[in-house]
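Per chain, numbering begins at 1; letters A, B, ... match sequence-line order.
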Number of protein chains: 2
Amino acid sequence: MKIATYNVNGIRARLPILLQWLKESQPDIVCLQELKAPQESFPIEEINAAGYNAIWHGQKSWNGVAILSKGYEITEVQRALPGDPEDIQSRYIEAIIDQVVICCLYLPNGNPYPGPKFDYKLSWIKRLKKRTDEFITMDLPAIIIGDFNIIPTEIDVYKPERWENDALYRIEVRKAYQALLEKGWLDSIRSLFPDEIIYTFWDYLYKAYDRNAGIRLDHILLSPYLASGLKSGGVDKHVRGWEKSSDHAPVWIELEKDK
Amino acid sequence: MKIATYNVNGIRARLPILLQWLKESQPDIVCLQELKAPQESFPIEEINAAGYNAIWHGQKSWNGVAILSKGYEITEVQRALPGDPEDIQSRYIEAIIDQVVICCLYLPNGNPYPGPKFDYKLSWIKRLKKRTDEFITMDLPAIIIGDFNIIPTEIDVYKPERWENDALYRIEVRKAYQALLEKGWLDSIRSLFPDEIIYTFWDYLYKAYDRNAGIRLDHILLSPYLASGLKSGGVDKHVRGWEKSSDHAPVWIELEKDK
DNA sequence: GGTGTATGGG
DNA sequence: CCCATACACC
């Protein structure tokens, strides 16, 4: 079972790229972020034509998340992160696919720091922790996957000193991420390549991709139940080099579920 | 000598289409309208790479005209229509190429009627007549070519009755066009096909091209000196059907100059 | 730099 | 419908 995440930065503008990548990569489950499209503008016909069924939660202009599946039924569980009924941003969708809980998220960016957006990010992570701790407690097969907008450690950024006061790298955010992991989640890509420099995002500006001035923001966390089934994984970095690509690259793992 | 006119509706957005059409059509001289680009944004490198030299008069957002030539020197004569120094719209550029005067124009649309925009159109036609009458008087080899925004007669519009109060078809405008012709100019396409339904523009809306709900707006007028050299001509209608095409189609003639 | 939105123009 | 502009956000 191949499971992937891809922040598309606009599903409509990115559709040709997405379809090309799906064709070449053939993931079974794909989590998408930053649809930037209202609910009714999701290109479900083209996604279906590519062999995938999908659930999604759109929103005008911003955010938006989706889960695609090839050949597996998708049972939607949540279309918002519990804990704040006032929060109307489309950043979370949760489903059960092939008996695994999939938590697809687009975590708030949080910039500028300090400020209300940063506070929102921290409170969002708290709500996420509350929700996902349960899966560990219950020893469920679960995956937290998506664009976390969190640079976990200094080896995940090309120039750490420049990022100290950026919400993606602020110490409070890294600590909150560590606290999440300490509950038992496995950062699958980092566990596969403990010492390698791995990035998933390169800014459009300043030829960041050409200079490999990247950061690692997109993560796939496995609950202990699933962790031993991790077979392989990687970042489809070349996709970031395609014409008209997103500023993120797809990240994927191969999971052996029936161990 | 093949001479063409093409309202590109945005030179930057249309560049791939323009280059493809140039390659297939191989005109010697091309007049472009609606560049919709400031002077410095004209893609001269790509035009040069396609084998053409060019002069142009750009403007931010609107209007803009250019003359392209393959293998002939372009001697610019005017980059505005004489007669109103206050008029800053880039709608006229005039050059001598291979001893022929080329008057490339993008005549004002004039809608809504009545109103100041319509008045501007009529006064613009007056200025054009004043300028071009001279070429007839002097019996020069001259061509007036471009997007006239004038439907000359009722056979040049799919549904004449709907257009009576449109500035493109208002009787005052048609009369002004006739007055121009009566001085001696030959409407080359109409002269080649006296009774045929020929359109050069189809609105983007309402599937106008699929329904062939078109109008004839783009004209190539020949001074008497040149008229007898007209060999053939046509509208490259299929180009209007290309993906991401302009709402106009290119119009062209073959001219035998050395009779 | 590359999404999205909105508005003006045709 | 499809240019262009200006702006917000990342």
Task: From CA spacing to verdict: side chain to side chain contact (heavy atoms under 4.5 Å, CB included), B:L221, B:F148 - done: CA-CA 11 Å; B:L221 308 190; B:F148 284 66; 3.9 Å; yes
- [ ] Write down the distance between CG (B:L32) and P (D:dC3), rounded to a whole number of angstrom.
- [x] 16 Å
Open item on the list: From OH of B:Y209 over to P of D:dC2, roughly how many Å is that when rounded to an integer?
Closed with: 14 Å
Open item on the list: For B:L168 and A:S245, find the nucleotide of DNA chain C closest to each by heavy atoms; which residue's nucleotide sits nearer the 5' end?
Closed with: A:S245
Task: N-O pairing of A:D156 and A:R174 below 4.0 Å - done: no
Task: B:D203 CG to D:dC3 P, straight-line distance once rounded to whole Å - done: 13 Å
- [ ] Starting at atom NZ of A:K244, determine the distance to atom C1' of C:dG2, rounded to an integer number of angstrom.
- [x] 8 Å
Task: Rounded distance (Å) that lies between atom P of C:dG1 and atom CH2 of A:W202 - done: 18 Å
- [ ] Return the value, rounded to whole Å, for the distance between atom CG of B:L18 and atom P of D:dC3.
- [x] 14 Å
- [ ] Classify the angle between the aromatic ring planes of A:Y113 and A:F118 as parallel (below 30°), tilted (30 to 60°) or perpendicular (above 60°).
- [x] perpendicular
- [ ] Mind calculating the distance between CG (B:N63) and P (D:dA4) to the nearest angstrom?
- [x] 13 Å
TODO: Let me have a per-nucleotide readout for nucleotides 5-10 of chain D, 5' to 3', with B, S or -, counting only protein heavy atoms under 4.0 Å.
DONE: SS-BSS
Open item on the list: Measure CG/A:D147 against P/C:dT3 and give the value in whole Å, please.
Closed with: 17 Å
Task: side chain to side chain donor-acceptor pair (under 3.5 Å) against A:Q178, all qualifying residues, sequence neighbours excluded - done: none
TODO: For the pair A:W202 and A:N212, evaluate side chain to side chain contact (heavy atoms under 4.5 Å, CB included) and give the outcome as yes or no after the intermediate values.
DONE: CA-CA 7 Å; A:W202 297 261; A:N212 196 30; 2.9 Å; yes
Task: Aromatic plane relationship, B:W56 with B:F42 - under 30° parallel, 30 to 60° tilted, over 60° perpendicular - done: parallel
